[in-house]
Protein chains: 2
Amino acid sequence: MPETELVVAAPHRELLDQVLNKWSLAILNELCERPCRFNDLRRAIPAVTQKSLTATLRRLERNGIVERVVVSSRPVAVEYRITPLGKTLRHPVDVLLEWAAAHMPAIEQARARFDEA
Amino acid sequence: MPETELVVAAPHRELLDQVLNKWSLAILNELCERPCRFNDLRRAIPAVTQKSLTATLRRLERNGIVERVVVSSRPVAVEYRITPLGKTLRHPVDVLLEWAAAHMPAIEQARARFDEA
DNA sequence: CAGAATCCCGTGCGATACTG
DNA sequence: CAGTATCGCACGGGATTCTG
């Protein structure tokens with residue numbers, strides 16, 4: 001039934017955009033290991049800017065993937081944790097990354113062939 | 001080993017951007033069913049503009065996911081087909097879509113909770 | 001420490017018009 | 001039929017500065 005798949009495709013695309021954008025995977029990866037403070041994440045993912053990190057965390061929080069916990073005030077301490085829902089994302093993402101790892105060589109060959117033409 | 005995962009993350013992200021952008025999934029979905037002409041795809045995916053369709057097909061072609069076959073000239077006829085490499089993408093994508101379908105309700109609840117605050 | 005505010009740029013994507 | 005060309009905008013994301 002290709003029709004239902006297509007109908008279903010639109011909202012799913014939007015969801016994937018929320019959850020699979022540039023820094024989400026790196027963040028997910030960290031938070032699956034352990035809860036992290038904001039600056040822990042910055043250190044773990046040196047390439048991310050503070051703005052993008054904030055934005056991505058907010059997006060993930062909004063979608064119920066991560067949880068923002070204020071640990072203490074004075075000085076402010078915040079901890080980000082993966083939620084149970086977030087953990088369910090791990091498997092699909094891993095499958096995807098394994099695919100990427102497995103076929104990267106073939107893909108680079110394809111690119112090389114395409115680019116010379 | 002979180003380190004290898006992170007090192008590996010960057011090139012993979014780039015690959016996922018190439019292969020999982022807005023119209024890729026719909027196109028993949030169609031071409032997995034059957035080879036399609038350009039306008040077949042336009043009809044099958046009414047919301048896509050011609051420009052985006054062309055761009056996405058080129059990207060997928062460059063990455064070896066789809067194949068562009070000129071069937072005849074006068075009048076020009078072109079057929080797009082999924083490649084063997086492209087077929088290997090099906091499973092990871094399906095896993096992802098199944099995840100999306102399964103957890104969509106929970107995610108919409110999370111959004112509703114987040115948005116009211 | 002954990003951001004918010006501001007500025008700016010690239011580009012993904014849509015809309016429209018044209019072509020071999 | 002299968003595109004190319006052009007315009008234009010919204011937005012993701014980087015760099016920098018400031019703050020409770």
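First the proteins, then the strands, lettered A, B, ... as listed; each starts at 1. Worth saying up front: this structure is predicted, and the values here are computed from it rather than measured.
- In this structure, A:Asp17 places its CG atom 11 Å from C1' of C:dG12, rounding to the nearest Å.
- Side chain of A:Thr83 to main chain of A:Gly86: a donor-acceptor pair is present (N/O by atom type, distance under 3.5 Å, no hydrogens or angles).
- For B:Asn39 and D:dT4, the CG to C1' distance is 15 Å, given to the nearest whole Å.
- Residue A:Arg74 is out of contact with every strand shown, counting any heavy-atom pair closer than 4.0 Å.
- Taking 4.0 angstrom as the limit, A:Arg37 places none of its side-chain polar atoms (N or O) nearer than this to OP1 or OP2 of C:dC1.
- The phosphate of C:dG3 has OP1 or OP2 within less than 4.0 Å of a side-chain N or O from A:Tyr80.
- Considering only heavy atoms from C-beta on, A:Leu20 comes within 4.5 Å of A:Leu96 through its side chain.
- What separates CG of A:Leu41 from P of C:dG3 is a distance of 10 Å, to the nearest Å.
- Nearer to the 5' terminus of DNA chain C, by closest-nucleotide assignment, is the contact made by A:Pro75 (compared with the other of A:Thr54 and A:Pro75).
- Between the B:Thr56 side chain and the B:Trp23 main chain, no donor and acceptor come within less than 3.5 Å of each other.
- Taking CZ of B:Arg59 as the reference point, atom CZ of A:Arg111 lies at 11.5 Å (rounded to 0.5 Å).
- A side-chain donor-acceptor contact under 3.5 Å links A:Thr54 to the backbone of A:Gln50.
- Atom CD of A:Glu79 is separated from atom CG of A:Leu31 by 9.5 Å, given to the nearest 0.5 angstrom.
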Reading nucleotides 6-20 of chain D 5' to 3', which nucleotides get B (base under 4.0 Å from a protein heavy atom), which S (sugar-phosphate only), which -?
BB-----BBBB----
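- In this structure, A:Arg42 does not reach the C:dG3 phosphate: none of its side-chain N or O atoms is under 4.0 Å from OP1 or OP2.
- Counting only heavy atoms from C-beta on, B:Arg58 has its side chain closest to D:dG3 among C:dG3, D:dG3, D:dC1.
- Side-chain contact check for A:Leu89 versus A:Lys87: every heavy-atom pair is 4.5 Å or farther apart.
- Rounded to whole Å, atom P of C:dG20 lies 17 Å from atom CZ of B:Phe38.
- Residue-level contact check: B:Arg68 touches the backbone only, with heavy atoms under 4.0 Å from sugar-phosphate atoms and none from bases.
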